[in-house]
Amino acid sequence: MKTLKEILEDVNYKLINGSEDATIGKLQIDSRKVQKGDCFIAIKGTASDGHLFIDKAIQAGASSIICSDVPDTRYEELNLIQVNNTRDNLGFIAANFFEKPSTQLKVWGVTGTNGKTTSSVILFKLFRKLGLNVGLISTIDIRINEEIIPTQLTTPDALTLQGIFAKMVDAQCDYVFMEVSSHALDQGRVNAIEFDVAAFTNISHDHLDYHKDMIEYIRVKKMFFDRLKKNAIAIINVDDKNGKVMIDNSQAEVKTYSLRTMADYKGKIMSQSFQGLHMKINEIEAYFKIVGAYNAYNLLTVVASSEALGLELEEFMPELSAIDSADGRLERIAIGNRYAFVDYAHTPDALINVLETLNQMKRKGEKLITVVGAGGDRDKSKRPKMAKAAARLSDRVILTSDNPRTENPEQIISDMEAGLNSELSTKVLKITNRKEAIKTACMLAREQDVILVAGKGHEKYQDINGVKMPFDDKEIIKEIFKEL
């Protein structure tokens with residue numbers, strides 16, 4: 001068992017009551033999970049303040065409390081520790097509790113608006129195919145070799161994260177591939193993690209419901225690279241104007257990739273189709289099963305990162321060529337002569353990338369029919385931009401419900417409509433029920449037309465008024481195709 005003093009190593013703290021040599025059971029940040037002898041850490045979150053639940057944690061059996069605001073009530077038997085900011089220190093406390101697991105692994109992280117899931121999942125698949133023990137922390141799920149752990153956050157909280165790293169160490173993992181969201185950076189969830197390789201994909205409009213503006217969003221992303229140690233490697237997309245911004249003041253060694261300019265990893269798309277990409281990377285040509293011109297960037301991220309982690313290009317390129325993309329990322333659903341694509345695109349830039357790719361690949365005379373919505377309780381400013389992009393780059397568009405959460409789905413669709421002029425409006429239908437919208441798109445499409453169902457990708461639910469109802473775009477499409 002750990003003592004309070006041991007878990008507070010390198011953390012500035014003040015002992016208010018009790019003993020810092022007291023041993024603790026588990027760390028908890030949810031008072032409902034506290035058991036006798038546990039240490040409860042009171043976190044000020046975005047939705048609630050853990051300090052309000054200190055009494056409940058004590059009643060549940062907590063023997064130690066770590067907090068920022070000292071409670072008025074004094075308990076004789078309680079070990080009470082004060083730190084300046086529990087949220088910022090949680091990662092360090094948890095890392096100490098779990099024996100600093102990230103130092104026992106090679107940790108790769110990726111940040112950016114788009115491409116995080118695809119690049120991390122491809123790397124996980126690649127390293128597993130090469131027979132290595134690997135962990136994955138992604139928007140889709142958490143994996144420890146073949147074990148799958150469901151997740152609801154791109155990057156879990158700091159306590160959960162350090163516990164997962166500890167499990168990966170126990171499973172003898174050598175590498176971990178993880179997505180690093182802007183929320184995670186801002187909220188200190190990745191504090192105390194020692195990254196060996198950090199990748200930057202791109203930045204476009206997203207999360208402005210959380211970050212006050214794009215300047216703040218970029219600043220938070222940049223924190224990831226500012227904190228890298230000297231022997232870390234930063235993998236940077238220099239075709240994005242923010243690529244060089246990310247590495248200003250970074251101590252890490254920098255490797256660059258590009259499709260448009262000179263870089264350490266220069267890519268060129270030789271040809272593309274619904275079957276995949278033919279690319280040249282530096283002097284090597286290869287065929288990849290991954291579809292979409294924008295995925296050329298993700299492949300460059302993977303290649304650069306694999307070499308940074310010590311793999312030889314000749315060793316991994318044949319395996320990489322045979323790997324599919326991540327679940328729900330431009331995923332093709334085909335039954336008979338009918339097919340549709342499902343994609344997680346939920347930002348204007350991601351939607352434009354997918355639509356431009358499909359337009360480049362479809363044949364003359366084929367139409368592109370897009371089903372798209374926007375999430376409730378999220379950045380409203382991107383809604384009209386998404387509708388405009390969909391209508392501009394599609395032959396027909398059906399605006400529908402995504403995850404409305406606590407908002408009225410019809411109001412969300414109305415917000416999207418604001419981005420349409422009179423000409424674009426003629427292409428657009430509004431069908432609030434998502435299943436009916438998908439069915440309508442399938443009925444409108446001729447056998448060779450292209451259908452895109454965007455926004456939810458891998459998700460297997462629809463969030464309505466706080467209830468996650470079963471809903472899987474891919475299964476809905478298959479069901480409708482069988483009926484037609």
Does atom CG of Asn12 have more than 12 heavy-atom neighbours from other groups under 6.0 Å away? no
Residue pair Lys382 / His346: nearest heavy atoms and the distance that separates them: NZ-O, 3.0 Å
Is there a donor in the side chain of Asn237 and an acceptor in the side chain of Tyr297, or the other way round, less than 3.5 Å apart? no
With a 3.5 Å cut-off and sequence neighbours excluded, list the donor-acceptor pairs that the side chains of residues 223-232 form with protein atoms.
{"unit_1": "Asp226", "atom_1": "OD1", "unit_2": "Lys222", "atom_2": "NZ", "d": "2.8"}
{"unit_1": "Arg227", "atom_1": "NH1", "unit_2": "Asn191", "atom_2": "OD1", "d": "3.1"}
{"unit_1": "Lys229", "atom_1": "NZ", "unit_2": "Glu194", "atom_2": "OE1", "d": "3.4"}

Within the supplied structure, the quantity of interest is the number of heavy atoms (other residues, nucleotides, ligands) at a distance under 6.0 Å from Glu315 CD; does it exceed 12? yes
Between Lys474 and Asp327, is there a salt bridge with N-O shorter than 4.0 Å? yes
Any salt bridge (Lys or Arg N to Asp or Glu O under 4.0 Å) pairs touching residues 137-165, not counting sequence neighbours? Arg128-Glu146, Asp141-Arg143
Report yes or no: does Glu179 contribute a side-chain atom to a donor-acceptor pair with the main-chain N or O of Thr139 at less than 3.5 Å? yes
List the atom of Asn145, the atom of Phe124, and the distance in Å for their closest heavy-atom pair. O-CZ, 3.2 Å
No-hydrogen, no-angle side-chain donor-acceptor test under 3.5 Å, Ser258 and Asp239: yes
Using modelled atom types and a 3.5 Å cut-off, is there a donor and acceptor pairing between side-chain atoms of Lys388 and backbone atoms of Pro384? no
Counterpart residues, side-chain hydrogen bond (donor to acceptor under 3.5 Å, both in side chains), relative to Arg383 (two or more places apart): Glu407, Asp415
Contact between Pro71 and Leu80 at the side-chain level, heavy atoms closer than 4.5 Å - yes or no? yes
Mark yes or no for whether Thr256, through its side chain, and Ala263, through its backbone, hold a donor-acceptor pair below 3.5 Å. no
Closest heavy-atom contact between Lys385 and Pro348? CB-CG, 3.8 Å
Just to verify, what does Asn408 make a side-chain hydrogen bond (donor to acceptor under 3.5 Å, both in side chains) with, not counting sequence neighbours? none
Counterpart residues, salt bridge (charged side-chain N to carboxylate O under 4.0 Å, His left out), relative to Asp30 (two or more places apart): Arg32
Please determine, by modelled atom types, if Glu331 and Ser325 share a side-chain donor-acceptor pair under 3.5 angstrom. no
Which of Ile352, Asn242, Asp349, Asp240 passes side-chain contact (heavy atoms from CB on, under 4.5 Å) with Ser204? It is Asp349
Might you point out which heavy atoms bring Gln162 and Ala94 nearest each other, and give the distance in Å? CG-CB, 3.7 Å
Output yes when a side-chain donor or acceptor of Arg405 lies under 3.5 Å from a complementary backbone atom of Gly376, and no otherwise. yes
Would you find a donor on one side and an acceptor on the other, under 3.5 Å apart, between the side chain of Gln82 and the backbone of Cys67? no
Are more than 12 heavy atoms from other residues, nucleotides or ligands located less than 6.0 Å from atom CE of Met262? no
Are the side chain of Ser182 and the backbone N or O of Val220 linked by a donor-acceptor pair below 3.5 Å? no
With a 4.5 Å cut-off on side-chain heavy atoms, are Glu20 and Leu8 touching? no
Output yes when a side-chain donor or acceptor of Asn79 lies under 3.5 Å from a complementary backbone atom of Ser63, and no otherwise. yes
Any side-chain to backbone donor/acceptor pair from Asp343 onto Ala454? Under 3.5 Å, distance only. no
Exactly one candidate in Ile142, Val110, Ile164, Leu161 meets side-chain contact (heavy atoms from CB on, under 4.5 Å) with Met178; the answer is Leu161
Could you label the plane-to-plane angle of the Tyr344 and His458 rings as parallel, tilted or perpendicular, counting under 30° as parallel and over 60° as perpendicular? tilted
Test side-chain contact (heavy atoms from CB on, under 4.5 Å) on Tyr294 and Asn114; report intermediate values, then the result. CA-CA 10 Å; Tyr294 62 92; Asn114 302 311; over 6 Å; no
Within the supplied structure, the quantity of interest is the number of heavy atoms (other residues, nucleotides, ligands) at a distance under 6.0 Å from Lys129 NZ; does it exceed 12? yes
Salt bridge (charged side-chain N to carboxylate O under 4.0 Å, His left out) involving Glu356 - partner list, sequence neighbours excluded: none
On a heavy-atom basis, the closest approach of Thr406 and Asn465 is CA-OD1, 3.8 Å
Can the positive tip of Lys100 be found less than 6.0 Å from the middle of the six-membered ring of Phe165, inside 45° of the ring normal? no
Kindly say whether Ile7 contributes a backbone atom to a donor-acceptor pair with the side chain of Asn96 at under 3.5 angstrom? yes
Within a radius of less than 6.0 Å around CG of Asn282, do more than 12 heavy atoms belonging to other residues, nucleotides or ligands occur? yes
Any ion pair linking Asp38 and Lys26 (charged N to carboxylate O, less than 4.0 Å)? no
For Leu4 and Cys39, work out which heavy atoms get closest and say how close. CD2-SG, 4.2 Å
Is Asp324 paired with Lys125 through a side-chain N to carboxylate O contact shorter than 4.0 Å? no
Leu15 side chain near Ile81 side chain, heavy-atom distance below 4.5 Å: yes
Please check if any side-chain donor atom of Asp55 sits under 3.5 Å from a side-chain acceptor atom of Tyr75, or the reverse. yes
